[in-house]
Amino acid sequence: QVELVESGGGLVQAGGSLRLSCAASGRTSGSDAMGWFRQAPGKEREFVAAIRWSGGPTYYLASVKGRFTISRDNAKNTVFLQMNSLKFEDTAGYYCAAGREVVIVAQPGQYNYWGLGTQVTVSS
């Protein structure tokens with residue numbers, strides 16, 4: 001079992017920045033990849049970014065590329081999502097996910113564990 005706890009959400013004006021954190025605990029050695037997803041009211045859960053604990057490329061939703069950066073601290077079992085130049089349309093609940101064997105990083109079904117989420121609200 002892997003437990004995930006997100007933090008860092010809040011209210012920010014358009015153009016501002018936030019840094020989300022996702023702390024993983026439990027049997028993290030069985031986790032291959034970590035992802036960030038978001039869900040706005042009335043919309044489906046949407047892939048935002050992903051990274052593997054072993055390194056390699058990072059992955060982003062097209063509309064956040066160049067504004068968001070995903071990173072990891074293996075020693076602390078923590079993944080971060082730095083969000084810059086925030087837009088009103090980035091408003092959503094942001095969820096961290098961990099997957100044991102993730103092939104397609106953008107598919108929520110590939111992930112085995114989920115955090116409870118942290119709310120990001122961007123005022124226009």
Q) So do Val79 and Trp36 actually touch side chain to side chain, heavy atoms under 4.5 Å? A) yes

Q) Please, which pairs that meet salt bridge (Lys or Arg N to Asp or Glu O under 4.0 Å) have at least one residue in residues 69-78, sequence neighbours excluded? A) none

Q: Check whether any side-chain heavy atom of Arg38 sits under 4.5 Å from a side-chain heavy atom of Leu61, and report yes or no.
A: yes

**Q.** Evaluation steps, ring-ring contact (aromatic ring centres under 6.0 Å, His included), between Tyr111 and Phe37
**A.** CA-CA 11 Å; Tyr111 296 82; Phe37 291 77; 5.2 Å; yes

Q | Heavy-atom closest contact (Ala50 atom, Val105 atom, distance) | A | CB-CB, 3.7 Å

(Q) Once rounded to the nearest 0.5 Å, what's the spacing between atom OG of Ser25 and atom CD of Gln1? (A) 9.5 Å

Q. Can Leu81 be reached from Tyr113 by stepping across I, L, V, M, F, W or Y side chains whose heavy atoms are under 4.5 Å apart?
A. yes

Q: Identify which one of Arg100, Arg52, Gln110 satisfies the side chain to side chain contact (heavy atoms under 4.5 Å, CB included) criterion when paired with Asp32.
A: Arg52

Q: Would you please name every residue forming a side chain to side chain contact (heavy atoms under 4.5 Å, CB included) with Arg67, sequence neighbours left out?
A: Val64, Ser85, Lys87, Asp90

(Q) Distance check, rounded to the nearest 0.5 Å: Tyr95 atom OH versus Glu46 atom CD? (A) 13.0 Å

Counting only pairs under 3.5 Å, give me each side-chain donor-acceptor contact of residues 10-22, with atom names and distances, residues two or more places apart or in other chains.
from	atom 1	to	atom 2	distance (Å)
Ser17	OG	Asn84	OD1	2.9

Q) Mind checking whether Gln119 and Thr91 have side chains closer than 4.5 Å, heavy atoms only? A) yes

